[in-house]
Amino acid sequence: MKKIAVFASGSGTNAENLIRYFDPQKEITVALIVTNRSDASVLERAKRLHVPALIFDRADFYPDTTSKECNYPLLDALAAAQIDYIVLAGFLWLIPSYLLEAYPNRIVNIHPALLPAYGGKGMYGMYVHRAVIQNRETESGITIHIVDEHYDNGSHLFQARCRIDSGETPDSLAQKIHLLEQEHFPKVVEEWINGRPLQ
């Protein structure tokens with residue numbers, strides 16, 4: 001069985017969608033929810049769906065590598081849970097090098113825009129949708145990509161698009177993007193883990 005850890009910082013709708021999608025399957029499962037916020041709603045979803053959860057702070061995530069006593073508690077927890085892949089679902093911190101080295105090309109992220117446009121630090125959630133509307137774009141969408149050492153920079157696995165209608169608002173665009181995420185994210189993750197060609 002291949003085990004996924006889902007990293008999330010917020011409400012966890014995509015995390016729940018992934019848990020429910022993989023629940024009937026034996027080959028792939030969401031084995032752990034990981035969050036940097038003790039008040040994140042994703043924790044309630046994890047509890048309700050009987051998925052173990054881990055909360056960590058910035059010091060755990062970015063340990064002092066100059067210290068002789070430096071350790072990696074998050075890496076230890078992932079190893080203890082026998083995690084094979086990491087899926088970022090609304091996780092806002094930059095992934096540190098030690099995780100990238102431990103999971104080379106095995107960390108994937110979903111972004112609510114058509115990268116490379118509207119990516120980078122600070123571009124998430126409604127900030128993205130507001131920028132897209134303000135710039136009078138005619139379309140937006142989602143990008144699912146491999147994670148590297150830069151925000152929203154890794155190679156693309158998949159993109160899906162939606163039209164931006166006259167009178168579109170950031171809220172209405174967010175709803176369209178959410179539908180794309182719910183439809184495509186679990187399927188793309190499954191195909192990626194199983195090594196099937198994408199796009």
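Bear in mind the structure is a predicted one, so any value in this text is a computation, not a measurement.
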Would you sort out whether Leu180 and Cys162 count as a side chain to side chain contact (heavy atoms under 4.5 Å, CB included), showing the intermediate values?
CA-CA 8 Å; Leu180 290 178; Cys162 64; 4.0 Å; yes
For a salt bridge (charged side-chain N to carboxylate O under 4.0 Å, His left out) check, start with the C-alpha distance between Asp165 and Lys176, then their side-chain angles and the critical distance, and finish with the verdict.
CA-CA 11 Å; Asp165 296 316; Lys176 289 182 177 180; 2.8 Å; yes
Show, in sequence, the C-alpha distance, side-chain angles and deciding distance for Trp192 and Tyr85, and conclude whether the ring pair (Phe, Tyr, Trp, His ring centres under 6.0 Å) test is met.
CA-CA 10 Å; Trp192 166 64; Tyr85 297 88; 5.2 Å; yes
Report the C-alpha separation of Ile164 and His129 in whole Å, then their side-chain angles, then the decisive distance to 0.1 Å, and conclude whether the side chain to side chain contact (heavy atoms under 4.5 Å, CB included) test is met.
CA-CA 11 Å; Ile164 297 177; His129 307 318; over 6 Å; no
Between Asp23 and Thr29, does a side chain to side chain contact (heavy atoms under 4.5 Å, CB included) hold up when you go through it step by step?
CA-CA 6 Å; Asp23 182 58; Thr29 188; over 6 Å; no
Report the C-alpha distance between Lys2 and Asn194 in whole Å, list the side-chain angles of each, state the deciding distance to 0.1 Å, and finish with yes or no for side chain to side chain contact (heavy atoms under 4.5 Å, CB included).
CA-CA 9 Å; Lys2 297 170 183 176; Asn194 286 329; 3.8 Å; yes
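Contact check for Leu88 versus Ile95: side-chain heavy atoms found under the 4.5 Å cut-off. Contact check for Pro63 versus Asn71: no side-chain heavy atoms found under the 4.5 Å cut-off. At least one side-chain heavy atom of Leu18 sits under 4.5 Å from a side-chain heavy atom of Val189. Side-chain contact between Leu92 and Tyr151 is absent, with no heavy-atom pair separated by less than 4.5 Å. The shortest side-chain heavy-atom distance between Asn135 and Tyr118 falls under the 4.5 Å cut-off. Proximity of Lys187 to His184: side-chain heavy atoms (C-beta onward) are nowhere separated by under 4.5 Å. Counting heavy atoms from C-beta outward, Ile142 and His111 have side chains that stay 4.5 Å or more apart. Using a 4.5 Å heavy-atom threshold, the side chains of Thr35 and Leu54 count as separate.
Interatomic distance, OG of Ser9 versus CG of Asp39, reported as 10.0 Å (0.5 Å rounding). Note that the CG atom of Leu173 and the CD atom of Gln175 stand 9.5 Å from one another [nearest 0.5 Å]. Taking CD1 of Ile107 as the reference point, atom NE2 of His145 lies at 11.5 Å (rounded to 0.5 Å). Once rounded to the nearest 0.5 Å, the distance linking CZ of Arg45 with NZ of Lys47 reads 15.0 Å. Once rounded to the nearest 0.5 Å, the distance linking OG of Ser38 with CG of Asp57 reads 10.0 Å.
Cation-pi contact between Arg130 and Tyr127: present, with separation from the ring centre below 6.0 Å and deviation from the ring axis of at most 45°.
When all heavy atoms of Gly10 and Ala40 are compared, the closest pair comes out as O-CB, 3.6 Å. When all heavy atoms of Val30 and Val51 are compared, the closest pair comes out as O-CG1, 3.8 Å. Residues Pro112 and Glu181 share a closest heavy-atom pair of CB-OE2, 4.1 Å. Heavy atoms only, all atoms of each residue included: Ala15 and Ile33 are closest at CB-CD1, 4.1 Å. The heavy-atom pair separating Ala53 from Ala46 by the smallest distance is CB-CB, 4.3 Å. The minimum heavy-atom distance between Ile177 and Ser140, with the atom names listed, is CD1-OG, 4.0 Å.
Hydrophobic clustering keeps Phe158 apart from Leu115 (ILVMFWY residues linked when any side-chain heavy atoms are closer than 4.5 Å, directly or through intermediates). With hydrophobic clusters built from ILVMFWY side chains whose heavy atoms lie under 4.5 angstrom apart, Val87 does not share a cluster with Leu78. Linking ILVMFWY side-chain heavy atoms closer than 4.5 Å, directly or via other members, places Phe22 and Leu32 in two distinct hydrophobic clusters. In this structure, Val108 is not a member of the same hydrophobic cluster as Leu100, with clusters built from ILVMFWY side-chain heavy atoms closer than 4.5 Å. Clustering ILVMFWY residues whenever any of their side-chain heavy atoms sit less than 4.5 angstrom apart, transitively, puts Val6 in the very cluster that holds Ile110.
Here Phe61 pairs with Phe56, Phe91, Trp93 under the ring-ring contact (aromatic ring centres under 6.0 Å, His included) rule; sequence neighbours left out.
Counting only distance, with no hydrogens or angles, the side chain of Ser67 and the backbone of Asp64 share no donor-acceptor pair below 3.5 Å. Looking only at distances, no side-chain donor or acceptor of Arg136 sits under 3.5 Å from a matching main-chain atom of Val132. A side-chain donor-acceptor contact under 3.5 Å links Asp152 to the backbone of Gly120.
A salt bridge does not link Arg58 with Asp60: every distance from a Lys NZ or Arg NE/NH1/NH2 to an Asp or Glu carboxylate oxygen is 4.0 Å or more. A salt bridge links Arg20 with Glu16: at least one charged nitrogen is closer than 4.0 Å to a carboxylate oxygen. Ion pairing of Arg163 with Glu168 is absent here, as no side-chain N (NZ or NE/NH1/NH2) approaches a carboxylate O to less than 4.0 Å.
If you check the side chains of Gln182 and Asn14, you find a donor sitting under 3.5 Å from an acceptor. In the model, Tyr103 has no side-chain atom that pairs as donor or acceptor with a side-chain atom of Asp84 under 3.5 Å.
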